[in-house]
> 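Attaching a single structure in structure tokens format; questions to follow.
Everything numeric in this text was worked out from a predicted model, so none of it was measured. In each ligand, atom 1 is the first atom listed, and ligand 1 is the first ligand listed.
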Amino acid sequence: MEQYAIKGGSALVGEVEIGGAKNAALGILAASIMTDEDVVVENLPDVRDINIMLQAMESIGVRVEHIERHTVRLNAGNVYSQVIDGDYIKRIRASYYLIGALLGKYHSAEVTLPGGCNIGTRPIDLHLKGFRALGAKDASVSGGMIVAHADALKGAHIYLDMVSVGATINLLLAAAMAEGQTIIENAAKEPHVVDVANFLNCMGANIKGAGTDVIRIKGVSRLHGIEYAIIPDQIEAGTFMFAAAVTKGDITVKNVIPKHLESISAKLIEIGCEIEESDDAVRVVASKTLEHTHVKTLPYPGFPTDMQPQITVALGLAQGTSIVSESIFENRFKYVDELTRMGANIKVESSTAIIEGVKKYTGASISAPDLRAGAALVLAALAADGFTTIDDIKYIERGYEDFDVKLRNLGAMIEKVDSDYNLQRFKLSVS
Ligand code: UD1
């Protein structure tokens, strides 16, 4: 089984190129099913979730052609089924976007219930309620599948009880070709919601207001092919920014949209880092001791829940007492046990972590419990004294392309190893 072997203690210094946004890409790939013409998607991250999504699309007849590592040409002109099942699809959360896309184009969809990271109960009631409002009377979970069929889809006025990225994107997809106008109120405003809306608009959809909490969609009868480049990944960028903070390094994240990183930059400044922004890059210099702070995760433009483990790792090394409140997912502090084994002093009370900063983490044998927590534990290991091994890196590879390679280029001592022999060799090489 592959694991990361890490020797901590080096400041990470240099530049890192950020890839395309995984969560935008998942919505955009699904949307590309909605035209019979060729769609070329650029800046697609080469990560496990994306490859599973492409596999699912191929399974119903979408032609997928890899033009180069980050560019695919897709053609959905010969889709012969609207049923996607199989165990592999459970591994990604965003398989549910295939429901919105297939329902929108074919008025019929059946997809195995998604899995994804175990960070809470993650219901899909808002998606189903929205599909029903648009005319899919039977939209429900049945026999381990999400099913939705409609004679016709008709625009509707939909109020989301909670701000949900997934439900907003899914309803954009389902409503893009519905008859008449759909209004989504209390919509999510995340950059990836805007990117999916932009993609659909480039295909000929009529969507206004994405990025605000009211989105208006006028259904169109047909969508056409396009070439489109996905926005940079806010969370990959934020993870490297926190890598600078925890290792007292100096990292420039390149190919980013600094506006999308504002809540992350603001917290880094609060805890004592310096930030320099340019048009498409952000530099984080962390020469000083980290200071404590309070943070609460919120929908965009608030501090992202997907950055909560990374900031907790940094605050674990800050002077004084910090508080991190998780307001989106109820089960997102599972990694704290692993961090405690590395010397952190953190108490979790329901959805709040109370953190007493320690001077150092120490290396340990730990496991990645989910995608973002796994990446955060890598940061902890890079800051720690001694060796750490991290198991279950398959979770990290769901969302970070070449994570070990990019970190090594910044001076990290990290290696992906698959045997005890290779682990010992790594230890010898860095001792
Ligand atoms: C997406 C992201 C995930 C990120 C999250 C919040 C993808 C593939 N995943 O997940 O990385 O952490 O946004 O930014 O883009 N909820 C309901 N009913 C629903 C849907 C959601 O109650 O039908 C609740 C959820 O339990 C959660 C909150 O709404 O408490 C937000 O969830 P949501 O924004 O939908 O997250 P995902 O789309 O699953």
Side-chain angles (χ1 to χ4, degrees), residues 20-31 45 47-50 52-53 56 89-100 111 113-133 139-141 146 148 158-174 184 186-197 213 230-231 233-236 238-239 260 263-264 296-311 325-333 350-351 370-376 395-396 398-400:
K22 169 183 82 83
N23 289 346
L26 290 162
I28 282 170
L29 289 178
V47 294
R48 199 166 291 192
D49 277 17
I50 296 297
I52 293 175
M53 188 72 163
I89 195 69
K90 285 191 200 148
R91 281 187 254 143
I92 60 169
R93 177 87 190 141
S95 54
Y96 53 41
Y97 292 147
L98 295 164
I99 295 272
V111 176
L113 199 60
C117 280
N118 180 12
I119 52 178
T121 47
R122 307 190 81 171
I124 53 159
D125 55 310
L126 299 175
H127 305 233
L128 298 175
K129 207 168 133 188
F131 294 149
R132 284 196 292 267
S140 58
V141 174
I146 310 174
I158 299 166
Y159 181 87
L160 295 178
D161 299 330
M162 291 185 71
V163 177
S164 160
V165 172
T168 304
I169 292 179
N170 233 340
L171 295 175
L172 282 181
L173 295 167
I184 306 174
N186 201 26
K189 296 181 279 207
E190 267 68 2
H192 36 292
V193 173
V194 178
D195 209 31
V196 176
D213 49 17
I230 291 168
I231 55 164
D233 197 297
Q234 176 202 25
I235 306 300
E236 187 194 14
T239 302
H260 295 169
S263 63
I264 296 166
K296 182 174 184 177
T297 61
L298 287 168
Y300 189 81
F303 191 84
T305 173
D306 283 359
M307 287 300 301
Q308 181 260 96
Q310 298 87 319
I311 196 170
S325 307
E326 172 58 56
S327 77
I328 313 284
F329 294 112
E330 73 272 20
N331 196 13
R332 214 162 187 179
F333 283 117
S350 81
S351 56
D370 63 65
L371 165 57
R372 305 302 173 186
Y395 291 117
I396 302 172
R398 285 186 44 204
Y400 292 87

> How are the rings of Y300 and H260 set relative to one another: parallel (under 30°), tilted (30 to 60°) or perpendicular (over 60°)?
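Plane angle over 60°, so perpendicular.
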> Ligand 1 versus H127, non-hydrogen atoms closer than 4.0 Å: side chain, backbone, both, neither?
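Within the 4.0 Å criterion, H127 contacts ligand 1 through backbone and side-chain atoms alike.
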> At a 4.0 Å cut-off, with the gap strictly under it, does some heavy atom of M307 reach an atom of ligand 1?
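No, that is not the case, since the closest heavy atom of the residue is not under 4.0 Å from the ligand.
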> Identify, by atom number and element, the atoms of ligand 1 in contact range of I124, meaning under 4.0 Å from any of its heavy atoms.
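The atoms of ligand 1 under 4.0 Å from a heavy atom of I124 are 19 (C), 23 (O).
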> Which ligand 1 atoms does T305 reach within 4.0 Å, using its non-hydrogen atoms?
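Ligand 1 atoms under the 4.0 Å threshold to T305: 6 (C), 12 (O), 14 (O).
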> Pick one of side chain, backbone, both or neither for how E326 approaches ligand 1, counting any non-hydrogen atom pair under 4.0 Å.
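E326 to ligand 1: no contact under 4.0 Å from either part.
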> Tell me the nearest of I235, L160, D125 to atom 18 (N) of ligand 1, using heavy-atom distances.
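That would be D125.
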> If you measure from atom 30 (O) of ligand 1 to every heavy atom of I328, V165, L128, which option wins on shortest distance?
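Result: the heavy atom closest to atom 30 (O) of ligand 1 is in I328.
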> Could you work out, with side-chain hydrogen bond (donor to acceptor under 3.5 Å, both in side chains) as the rule, every residue matching Y97, not counting sequence neighbours?
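Testing Y97 for side-chain hydrogen bond (donor to acceptor under 3.5 Å, both in side chains), a comparison that skips the adjacent residues, returns none.
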> Can you tell me if T168 contacts ligand 1 (heavy atom of the residue under 4.0 Å from the ligand)?
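Flag not set, T168 not near ligand 1.
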> Please verify whether a non-hydrogen atom of A188 lies at under 4.0 Å from ligand 1.
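No, that is not the case, since the closest heavy atom of the residue is not under 4.0 Å from the ligand.
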> Closer than 4.0 Å to some heavy atom of R332 - which atoms of ligand 1 meet that?
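Within the 4.0 Å cut-off of R332, ligand 1 contributes 12 (O).
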> Only one of Q234, R332, E236 passes side chain to side chain contact (heavy atoms under 4.5 Å, CB included) with D306; say which it is.
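Testing D306 for a side chain to side chain contact (heavy atoms under 4.5 Å, CB included) against Q234, R332, E236 leaves exactly one candidate, R332.
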> Are a donor atom and an acceptor atom from the side chains of T297 and E326 found within less than 3.5 Å of each other?
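Judged by distance alone, the side chains do pair up.
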> For ligand 1, which part of Y300 has a heavy atom less than 4.0 Å away: the side chain, the backbone, both, or neither?
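The answer is neither; Y300 stays 4.0 Å or more away.
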> Please indicate whether any nitrogen or oxygen in S164 is less than 3.5 Å from any nitrogen or oxygen in ligand 1.
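Looking only at distances, the answer is yes, because the N/O contact criterion of under 3.5 Å is met.
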> With backbone taken as N, CA, C and O and side chain as the heavy atoms from C-beta onward, which portion of V163 lies under 4.0 Å from ligand 1: side chain, backbone, both, or neither?
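Backbone only; the side chain of V163 stays clear of ligand 1.
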> Going by the rule salt bridge (charged side-chain N to carboxylate O under 4.0 Å, His left out), which residues pair with K189 if we only count those two or more places apart in sequence or in a different chain?
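For K189, no residue satisfies salt bridge (charged side-chain N to carboxylate O under 4.0 Å, His left out) once neighbours in sequence are set aside.
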